[in-house]
Chemist: 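One structure, pasted below without further comment.
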Amino acid sequence: MDDERWEPGMPVLDRQAAPGPEAPRTVRPTTLPRSLQGLPPRSVPEVAPTPLQAHYINLSVVVLLCGAVAITALELGASIGNPLVKLCVAVAAPLLTITTVDAVIRIWRSAWAWMPIDRGRGLFRLAWVGVSLIGLVAMIGASLDVLLA
């Protein structure tokens, strides 16, 4: 054994010599494995991050907690006009609105990135933009309904 770290009782490993500066390093193949060749791509790289991408999860957690508190209060018999419910909606609704708009921007960009590659996937994402916008309008309406109650 030519490894100075080896001690009696240790298993003997067949090691390959580490490439030196003159030895060529292995390069990752640029071709796809046979199982993926000929298939359409599974993803498209994102060109630029959305404005809130770094803060999306933290904002969503605040919305989740406010929603849980408001729903619990409603389940325990509080009315829609209860100050606790209104406070939760007043905090969560703007955050949910901006995170949803951020998500719609991301879906919109994804749809147009897919169009030249796979038109069906691009159109599917455009349909989700429409659904998201409808949900956004409904959410804003419901929030206003609670805040004005």
Side-chain angles (χ1 to χ4, degrees), residues 5 10-11 13-149:
R5 298 173 293 176
M10 290 176 66
L13 302 174
D14 293 327
R15 298 178 188 241
Q16 298 176 352
E22 68 283 340
R25 296 191 182 265
T26 57
V27 179
R28 278 182 78 179
T30 56
T31 59
L32 292 171
R34 284 188 178 185
S35 61
L36 296 176
Q37 288 178 359
L39 294 176
R42 295 188 296 179
S43 63
V44 176
E46 195 170 4
V47 178
T50 54
L52 295 176
Q53 188 171 6
H55 310 289
Y56 191 82
I57 299 297
N58 296 330
L59 294 173
S60 297
V61 167
V62 173
V63 171
L64 175 71
L65 293 175
C66 287
V69 170
I71 290 170
T72 302
L74 291 170
E75 288 290 326
L76 293 174
S79 68
I80 284 245
N82 186 299
L84 178 63
V85 174
K86 283 187 172 189
L87 176 67
C88 290
V89 171
V91 170
L95 296 178
L96 185 57
T97 300
I98 62 173
T99 54
T100 304
V101 168
D102 188 72
V104 169
I105 290 170
R106 192 169 186 180
I107 299 167
W108 176 264
R109 289 179 182 174
S110 173
W112 290 108
W114 271 107
M115 284 298 192
I117 298 165
D118 187 342
R119 185 169 169 81
R121 287 187 183 187
L123 292 173
F124 181 76
R125 282 161 177 77
L126 281 179
W128 272 107
V129 168
V131 169
S132 300
L133 291 174
I134 291 169
L136 182 63
V137 169
M139 187 272 307
I140 291 172
S143 299
L144 289 174
D145 190 34
V146 170
L147 292 175
L148 298 175

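Only heavy atoms go into these numbers, but all of them, side chains included; no hydrogens, no water, no symmetry mates. Since this is a predicted model, take the numbers as computed values, not measurements.
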Chemist: How would you list, by chain and number, every residue that makes a ring-ring contact (aromatic ring centres under 6.0 Å, His included) with Trp108, sequence neighbours excluded?
Modeler: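 In terms of ring-ring contact (aromatic ring centres under 6.0 Å, His included), with neighbours along the sequence ignored, Trp108 is linked to Trp112.
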Chemist: Which residue pairs pass the side-chain hydrogen bond (donor to acceptor under 3.5 Å, both in side chains) test when at least one of the two sits in residues 54-81, sequence neighbours left out?
Modeler: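 As it turns out, there is no side-chain hydrogen bond (donor to acceptor under 3.5 Å, both in side chains) pair with a partner in residues 54-81 once direct neighbours are skipped.
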Chemist: Roughly how far, to the nearest 0.5 Å, is OG1 of Thr100 from CD1 of Ile107?
Modeler: 9.5 Å
Chemist: For residues 123-135, run the donor-acceptor check on the side chains, cut-off 3.5 Å, and write out each pair with its distance to 0.1 Å, sequence neighbours left out.
Modeler:
residue	atom	partner	partner atom	Å
Arg125	NE	Ser110	OG	3.1
Arg125	NH1	Arg121	O	3.2
Ser132	OG	Trp128	O	2.8

Chemist: In residues 83-99, what donor-acceptor pairs under 3.5 Å come from side-chain atoms, sequence neighbours left out?
Modeler:
residue	atom	partner	partner atom	Å
Lys86	NZ	Ala149	O	2.5
Thr97	OG1	Ala93	O	2.7
Thr99	OG1	Leu95	O	2.9
Thr99	OG1	Leu96	O	3.0

Chemist: Only counting residues at least two apart or in another chain, list the ones meeting side-chain hydrogen bond (donor to acceptor under 3.5 Å, both in side chains) with Asn82.
Modeler: none
Chemist: Can you tell me which residue pairs pass the salt bridge (Lys or Arg N to Asp or Glu O under 4.0 Å) test with a partner in residues 93-114, sequence neighbours excluded?
Modeler: Glu46-Arg106
Chemist: What residue pairs, at least two apart or across chains, pass salt bridge (Lys or Arg N to Asp or Glu O under 4.0 Å) with a residue in residues 134-149?
Modeler: none
